[in-house]
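Start at 1 with the first residue, then count along the sequence.
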Amino acid sequence: MRFRAEARRHRLIVDQPAEEGATDQGMSPAELLLVSLGTCVGQFVAQYLRLHSLPSERLDVRVEADRCGPLRMSNFRVHVVARGLTERQLRALEKSLPSGLVQTAITQPNSLTVSAGASAE
């Protein structure tokens, strides 16, 4: 159940929890999906805060989703905690949040093709 994922010059281990018969040496693919969504939003928020000279220390992004059976997640929720901002600044931040690459992939109609072959090409 363990895989090594590579992109550019970076590597990470993807695995499943031990209670599912794996070695729990890395996040699961579902956890990586949530992390990807949270970091996509977080990078935008950090950039927005810097651009507007607002405090960005201890920025916290939390992501949750409902499990709808063993192979489906839905109702993604992202909550940003930006300490030190006024209510007005928080509302302005919320209005500025775009549909980034990951958000769009989750929320817009899309397609996925999976194929199998005997070589990596």
Side-chain angles (χ1 to χ4, degrees):
M1 298 300 293
R2 185 178 64 231
F3 290 87
R4 183 180 71 219
E6 297 180 7
R8 293 181 291 127
R9 65 184 196 301
H10 307 282
R11 294 186 184 102
L12 61 93
I13 300 298
V14 180
D15 203 355
Q16 293 289 337
E19 58 268 16
E20 294 182 22
T23 60
D24 199 19
Q25 293 185 13
M27 287 187 247
S28 72
E31 291 165 333
L32 285 171
L33 176 62
L34 297 177
V35 167
S36 183
L37 177 57
T39 55
C40 190
V41 171
Q43 286 185 343
F44 174 84
V45 171
Q47 183 178 33
Y48 175 93
L49 295 174
R50 277 193 298 277
L51 183 65
H52 290 87
S53 300
L54 295 169
S56 61
E57 301 80 33
R58 299 181 349 179
L59 177 63
D60 190 16
V61 179
R62 298 178 189 149
V63 182
E64 297 176 333
D66 297 332
R67 289 283 301 243
C68 304
L71 297 176
R72 182 159 152 56
M73 292 191 303
S74 65
N75 302 318
F76 293 85
R77 297 171 301 281
V78 180
H79 181 68
V80 176
V81 177
R83 293 165 182 84
L85 272 60
T86 66
E87 278 301 312
R88 183 175 179 198
Q89 291 168 329
L90 287 168
R91 297 303 68 86
L93 171 61
E94 279 182 340
K95 287 181 182 178
S96 75
L97 291 172
S99 291
L101 178 66
V102 178
Q103 294 98 302
T104 302
I106 292 171
T107 60
Q108 300 299 312
N110 210 331
S111 66
L112 170 67
T113 302
V114 179
S115 61
S119 69
E121 297 175 34

So, for [X] and [Y], which heavy atoms are closest and what is the spacing to 0.1 Å?
X	Y	result
L93	A82	CD2-CB, 4.4 Å
A22	D15	CB-OD1, 3.2 Å
L34	A65	CD2-CB, 4.0 Å
R2	I13	CG-CG2, 3.5 Å
A5	V14	CB-CG2, 4.2 Å

A side-chain contact here means heavy atoms from C-beta on lying under 4.5 Å apart; do [X] and [Y] qualify?
X	Y	answer
V81	L59	no
R83	D60	yes
L85	L49	yes

Test V78 against R62 for side-chain contact (heavy atoms from CB on, under 4.5 Å), laying out the working first.
-> CA-CA 6 Å; V78 180; R62 298 178 189 149; over 6 Å; no

Hey, mind stepping through F76 and T107 against side-chain contact (heavy atoms from CB on, under 4.5 Å) and telling me if it holds?
-> CA-CA 9 Å; F76 293 85; T107 60; over 6 Å; no

[atom1] of [X] to [atom2] of [Y]: how many Å apart, nearest 0.5 Å?
X	Y	atom1	atom2	result
S56	L51	OG	CG	12.0 Å
M1	S28	CE	OG	9.5 Å
N75	E64	CG	CD	11.5 Å
L90	R88	CG	CZ	12.5 Å

For atom CE of M73, is the number of surrounding heavy atoms from other residues, nucleotides or ligands below 6.0 Å larger than 12?
-> yes

Which pairs of donor and acceptor atoms, one on a side chain in residues 35-48, lie under 3.5 Å apart (sequence neighbours left out)?
| residue | atom | partner | partner atom | Å |
| --- | --- | --- | --- | --- |
| T39 | OG1 | V35 | O | 2.9 |
| T39 | OG1 | S36 | O | 3.2 |

Run the side-chain contact (heavy atoms from CB on, under 4.5 Å) check on R77 and V63 step by step: do they pass?
-> CA-CA 6 Å; R77 297 171 301 281; V63 182; over 6 Å; no

State, without any angle test, whether S74 and D66 hold a side-chain donor-acceptor pair at a distance under 3.5 Å.
-> no

Mark yes or no for whether Q89, through its side chain, and T86, through its backbone, hold a donor-acceptor pair below 3.5 Å.
-> yes

V61 with L97, same ILVMFWY side-chain cluster at under 4.5 Å | yes

Going through the distances and angles, do R4 and L12 end up as a side-chain contact (heavy atoms from CB on, under 4.5 Å)?
-> CA-CA 6 Å; R4 183 180 71 219; L12 61 93; over 6 Å; no

